[in-house]
Protein chains: 2
Amino acid sequence: MRIGELAEQAGTTTRTLRHYESLGLLPARRAGNGYRTYDEADLRLLQQIRTLQDFGFSLEETRPFVDCLRAGHPAGDACPASLEVYRRKLAELDEVIERLRHVRDEVGLQLTRAELELAADLPGGPPPRCAFSPPDAGHVFSPPDTDQETSTP
Amino acid sequence: MRIGELAEQAGTTTRTLRHYESLGLLPARRAGNGYRTYDEADLRLLQQIRTLQDFGFSLEETRPFVDCLRAGHPAGDACPASLEVYRRKLAELDEVIERLRHVRDEVGLQLTRAELELAADLPGGPPPRCAFSPPDAGHVFSPPDTDQETSTP
DNA sequence: GCTGGCGTTGACGTCGACGTCAACGTCTAC
DNA sequence: GTAGACGTTGACGTCGACGTCAACGCCAGC
């Protein structure tokens with residue numbers, strides 16, 4: 001299998017494959033004419049890389065999985081080094097999600113507050129800023145909990 | 001106030017301020033010697049930019065807020081354009097958080113599964129792999145279209 | 001033998017928000 | 001008058017994962 005065929009089968013580009021090879025991630029055998037040659041095992045390596053990338057793994061993070069597969073294991077995550085990457089990624093995801101949730105809440109609060117102030121400024125007088133304080137206007141836009149998916153169609 | 005002083009007060013660098021100016025985000029008056037000159041209003045603009053950046057806003061996304069402040073409004077989010085940015089960012093955050101939560105769950109599943117298989121392989125026999133295979137284990141690892149790995153060789 | 005489609009290497013471009021020089025001007029203190 | 005701390009512009013570097021282009025080689029079919 002040549003590079004164009006492998007790229008097509010994996011739904012990627014030849015440039016990407018050459019990039020992976022330049023990183024030592026997916027080396028290729030060479031035919032007599034210098035053309036890169038791949039086999040089914042390479043396709044599986046490539047699929048492993050792409051799957052992890054879809055999960056947000058960097059190319060370097062996929063390396064243990066690829067090495068594991070090339071070492072003959074039936075799965076890329078059948079090696080301790082891969083599990084370590086899983087665990088690190090999991091912790092990283094938890095951190096990021098937590099931070100983003102906090103940011104989401106903050107932005108939601110700011111939006112609600114700014115909307116109220118704008119609504120108060122436009123029709124009425126300009127400075128009801130401190131004397132306003134509505135009792136239950138806080139739920140107008142987003143409740144404290146961060147679950148509003150699959151909402152009212 | 002000169003550039004170094006403003007940078008220090010805002011906890012940033014002179015390079016950053018020059019960068020903002022190159023984007024037209026934070027233009028500076030000039031003293032007779034060519035030095036940039038800033039005042040307290042500029043400090044507030046800069047603080048607005050930094051605050052939004054901490055929330056993950058790009059510099060372009062901060063522009064409506066800065067313009068709003070420069071237009072004389074008491075707050076950067078006292079203008080409709082700023083509210084639009086808030087809303088877009090909120091929707092974007094919801095999307096990203098949802099995606100990351102899904103990824104987190106998937107990675108967690110993979111980790112648990114891989115840990116179990118590793119524990120089963122080490123002490124006992126090597127190949128309980130095909131006898132293992134839960135009924136829906138095949139689709140665990142497939143975000144794109146055609147995907148068949150980690151099972152049924 | 002010539003066109004067209006594949007392949008090859010090398011090198012620069014992209015996006016964002018700056019970092020990091022280099023080479024020079026300005027101002028203050030000694 | 002000179003060191004040194006500040007300022008100036010210009011331009012290239014960084015990080016990641018490639019895209020894009022150039023200039024060329026290889027091979028099949030007509």
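Labels below follow one simple rule: chain letters A, B, ... track the order of the sequence lines, proteins then strands, and each chain is numbered from 1. Since this is a predicted model, take the numbers as computed values, not measurements.
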- [ ] Output all residues satisfying salt bridge (Lys or Arg N to Asp or Glu O under 4.0 Å) with A:R70, sequence neighbours left out; order by chain, then residue number.
- [x] A:D67
Open item on the list: Run the side-chain hydrogen bond (donor to acceptor under 3.5 Å, both in side chains) test against A:E8 and tell me which residues pass, sequence neighbours left out.
Closed with: none
Task: Partner set under side-chain hydrogen bond (donor to acceptor under 3.5 Å, both in side chains) for A:Q110, not counting sequence neighbours - done: A:R113
Task: Contact residues, residues 91-100 of chain A to DNA chain D [heavy atom, < 4.0 Å] - done: none
Task: All pairs passing ring-ring contact (aromatic ring centres under 6.0 Å, His included) where residues 69-91 of chain B contributes a residue, at least two apart - done: B:F65-B:Y86
Task: A:R88 side, atom CZ; B:L111 side, atom CG - distance, nearest 0.5 Å - done: 12.5 Å
- [ ] Just grab all the salt bridge (Lys or Arg N to Asp or Glu O under 4.0 Å) pairs involving residues 47-60 of chain B, residues at least two apart or on different chains.
- [x] B:E60-B:R63
Open item on the list: Using five pairs at each end of the helix from C:dG1-D:dC30 to C:dC30-D:dG1 to define an axis, what is the angle between those two axes, to 10°?
Closed with: 40°
- [ ] Any pair with a residue in residues 31-65 of chain A that passes disulfide bond (SG atoms under 2.5 Å apart), sequence neighbours left out, goes on the list, sorted by first then second residue, please.
- [x] none
TODO: Using the disulfide bond (SG atoms under 2.5 Å apart) rule, collect all pairs that involve residues 11-53 of chain A, keeping only residues at least two apart or in two chains.
DONE: none
- [ ] Would you give a per-nucleotide map of nucleotides 7-23 of chain D, 5' to 3', where B means the base has a protein non-hydrogen atom under 4.0 Å away, S means only the sugar-phosphate does, and - means neither?
- [x] SBB-B-----BBBB---
TODO: Quick one: which residue pairs count as a disulfide bond (SG atoms under 2.5 Å apart) with a foot in residues 26-78 of chain A, not counting sequence neighbours?
DONE: A:C68-A:C79
Open item on the list: Under the rule for side chain to side chain contact (heavy atoms under 4.5 Å, CB included), what residues qualify as partners of B:L69, not counting sequence neighbours?
Closed with: B:L45, B:Q48
